[in-house]
Amino acid sequence: MKSMSNVDIYTVSNELNNLLSGARVDKSFQPTKDIVVMRFHVPGTGRIDLVMQCGSRIHTSQYPLENPTNPPTFPMLLRKRVKGAHVESIKQHNFDRVVEIRVKKDKYYTIIVELFDKGNIILLDDENNIILPLKRKHWSNRDISSKKEYIFPEERGINPMTVTEEEFKNLFEDDESDAVRTLARNGLGSLYAEEIIKRANETIELDKNTPNNELTPDQILALFNGFKDLFNSLTDESIKPQIVKKDSKEDVVALDLKKYDDYEKTYYDTFNEACDEFYSKKVNTDIKNIKESAWNKKVNKFEKRLHLQEETLDNFYKTIEDSQHKGEVIYSNYTTIENVINVVNQARSNDYSFKEIGKTLKKAKKDGMAEAQIYESIDKMGVLTLNIDDTSLIIDPKLTIPENAENYYEKAKKAKRKTKGALIAIENTKKQLEKIKAKKDVAMENIAVPKKRVKKNLKWYEKLRWFISSDNILVVGGRDANSNENVVKKYLDPNDIYLHADIHGATSTAIKLNGNELNDNILKESGEFAASFSSAWSMGFTSQDVFWVHPDQVTKTPESGEFLPKGSFVIRGHRNYIRGARVKLAIGIVDYEGKRIMAGPIDAVEAHCNNYVVIKPGFTKKEAIAKKIIGRINEDDLLTLDDIIRVLPSGKCDIDEEYHQRKKYEKN
């Protein structure tokens, strides 16, 4: 994969600084061994994912990568140290392939992203000491290890933003190679080195391979003018982010380049967006290849096992055929074999050794004795090897002819018995092979095409917790302290009903009656909603008391001398209680002002959709449970994992399989 050039990094880091300054750091992930994703929340914009790949790239991305269930050490440390921090600045270090992300929480932290060679990602403290690197490395002048001071790589090349004409000319005086190599080696790379020479050729003839000592002052001046012409576009911020393509060649650049004049060009609003389109699909292809390789290993394991089992079965069949044939040959040549056995036994009775007997039989065979022609050898235990009609027989002289034949028939019977087990094993392996191939096909289909995360235009209630009751009444609740404030101040009308679980840490819930009569059914469903979106869920409760009051009983004015934190309210007067509200939810796609996902009480969801999943407090992480849910309800491919995760309650969940089994039984 193409690594970002110094020019690319300059452009990307400028855009990132403008976009993410002041943003809040959210979670961090590590989808692969050299990719780290940091998630940010930008006020007024929302979620922004920043992808950092060691030695290759850094840019925002709309293509979510699949994350491991158990996060590795590095992203976990990032979560611990910098989650909740605010971005101070993002900048390129000295026009080098190094990016510094500076954030502030309890103190300053810096995330260094090295994009040269194999690269690295390093977390530094406020004194520039390394807290933890993604990769530990050691050179003679740099030690990238925990608790060591971070030392930037040695400066190489020039900074196009600050270089003077004199400094530019000195490059060619101090280098004994040619024009294109000198420019490339000074931080510009081959692409921009050749681009500068192309621009210089518009005013003067210049071969890129001209030795530096043969360059004329006019040629060097033309190179400098071409150089300034190119990089003024960066300083003027008149960049033109684009992906260029011609035949099988493809590239992403921030500027219009003469080298790519005859290429097909696709322009983008930002260079980050162009980089996302260019790199993300390639990375997903790489990840697909890695996963396909892993699946192929699993498939190969069963294919090898099947091959060995089929080979073993073939050997059993050969043993059956061969052993039965040898038993028949023994009986067909009964007298001839018996004569040889008698000779051996007679010689043994006269105290001849088996070695001597073998020599005698060998000589007799050589001399043409008819009975000795079937003799091949005799071992030190006296077991004969005979050859009759190209069939090799093992004969024990201590046994009778029928007993020797029976040995072969018994061998055939044993092989025949083993074929039954082999056939069962082969059938089982074939089923396992089909199953693993089917799993591979499904897995590969799911990751074949990366799905771009498109920001949806949410309805006002979708920015909150919400559901539509079985009586078609809208109920909304806060997601956090800010939205709890909004529910009461912005959305709670005089004729509505306010609910809250009788526990610390719960959503402020409003029943939007809109002229409808309050009834026991809406109170029951809203109570379950308020109970489920409270700390009762993360505590693993199965039920929770909920109270309800009228809007004029809810006030932000505390008692004298008291202070109310954001999202908290004082309730005046009598409270009405819903005792033991069920802590359980259902999730499905409902058609309410268009199709959208809804999480709410089971009765409400059941009333509005046929296909839904019931969840309860449990032990499965959100990402894992979301994958199970999306597999069951995403029939029209309307949802993403983020959509599911967004509506889940705080805390771990499990699917209530017992509920679904009972429903299935009731239908049947």
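At least one cation-pi condition fails for K652 and F619: the charged atom is not both under 6.0 angstrom from the six-membered ring centre and inside a 45 degree cone around its axis. By the 6.0 Å and 45° rule, R79 stacks over the aromatic ring of F29. Cation-pi contact between R102 and Y108: present, with separation from the ring centre below 6.0 Å and deviation from the ring axis of at most 45°.
For the residue pair L20 and V87, the shortest heavy atom distance occurs at O-CB, 3.2 Å.
By the 4.0 Å N-to-carboxylate-O rule, D256 lies close enough to K265 to be salt-bridged with it. Of the charged side-chain nitrogens involved, at least one lies within less than 4.0 Å of a carboxylate oxygen, so that D642 and R47 count as a salt-bridged pair. For the pair K169 and E173, the salt-bridge criterion is not met [side-chain N within less than 4.0 Å of a carboxylate O]. Ionic pairing of K2 and E250 is not present here: no N-O contact between side-chain nitrogen and carboxylate oxygen is shorter than 4.0 angstrom. A salt bridge is absent between D261 and K259: the closest approach of a Lys/Arg side-chain nitrogen to an acidic carboxylate oxygen does not fall below 4.0 angstrom. Salt bridge status for E154 with R142: absent, with no side-chain N to carboxylate O gap under 4.0 Å. Taking a cutoff of 4.0 Å between a charged side-chain nitrogen and a carboxylate oxygen, K198 and E194 do not qualify as a salt bridge.
Of the possible polar contacts, none joining the N6 side chain to the L188 backbone as a donor-acceptor pair under 3.5 Å is found. With hydrogens and angles ignored, the 3.5 Å screen pairs a side-chain donor or acceptor of T11 with a backbone N or O of V7. In terms of modelled atom types and a separation under 3.5 Å, the side chain of K556 and the main chain of S568 share a donor-acceptor contact. When atom types are taken as modelled, the side chain of S56 and the backbone of Q53 share no donor-acceptor pair closer than 3.5 angstrom. S145 contributes no side-chain N or O that, together with a main-chain N or O of K148, makes up a donor-acceptor pair within less than 3.5 Å. With hydrogens and angles disregarded, a donor-acceptor distance shorter than 3.5 Å links the side chain of D643 to the backbone of T640. Looking at Q242, its side chain does come within 3.5 Å of a backbone N or O of L255 through a donor-acceptor pair. Of the possible polar contacts, one joining the N159 side chain to the M161 backbone as a donor-acceptor pair under 3.5 Å is found. Panel note: side chain N486, backbone K490; no donor-acceptor pair is recorded below 3.5 Å. The closest donor-acceptor contact from the side chain of S28 to the backbone of L78 lies at 3.5 Å or more, if one exists at all.
For the pair S538/P617, no side-chain contact is recorded, criterion being any heavy-atom separation below 4.5 Å from C-beta on. In this structure the side chain of Y10 never reaches within 4.5 angstrom of the side chain of E15, judged on heavy atoms. Side-chain contact between D96 and P153: present, with at least one pair of heavy atoms (C-beta onward) separated by less than 4.5 Å. Looking at L115 and V98, their side chains never come closer than 4.5 Å, going by heavy atoms from C-beta outward. Inter-residue side-chain proximity for F533 and L585 is flagged as met; some heavy-atom pair is nearer than 4.5 Å. V180 places a side-chain heavy atom less than 4.5 Å from the side chain of N209. Side-chain contact between F541 and I503: present, with at least one pair of heavy atoms (C-beta onward) separated by less than 4.5 Å. A heavy-atom distance below 4.5 Å is found between the side chains of R97 and I9.
With a 6.0 Å radius and a threshold of 12 heavy atoms from other residues, nucleotides or ligands, E176 has its CD atom at or below the threshold. Heavy atoms of other residues, nucleotides or ligands lying less than 6.0 angstrom from NZ of K627 number more than 12. Enclosure of atom NZ in K240 is not indicated, since only 12 or fewer non-hydrogen atoms of other residues, nucleotides or ligands lie within 6.0 angstrom.
For the residue pair Y150/N129, the side-chain donor-acceptor check at 3.5 Å is not satisfied. Looking only at atom types and distance, the side chain of N296 has no donor-acceptor partner in the side chain of S293 under 3.5 Å away. Neither side chain, T210 nor D178, offers a donor N or O lying under 3.5 Å from an acceptor on the other. If you check the side chains of N212 and T182, you find a donor sitting under 3.5 Å from an acceptor.
Relative ring orientation between Y491 and W460 is described as parallel, the plane-to-plane angle staying below 30° on a 0-90° scale split at 30° and 60°. Classified by interplanar angle (parallel below 30°, tilted 30° to 60°, perpendicular above 60°), the ring pair F231/F95 is perpendicular.
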Test side-chain hydrogen bond (donor to acceptor under 3.5 Å, both in side chains) applied to S61 and D276, step by step = CA-CA 5 Å; S61 180; D276 190 24; 2.7 Å; yes

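Taking CD of E195 as the start and CG of D229 as the end, the distance is 9.0 Å to the nearest 0.5 Å. The CZ atom of F40 sits 9.5 Å away from atom CG of D49, with the distance rounded to the nearest 0.5 Å.
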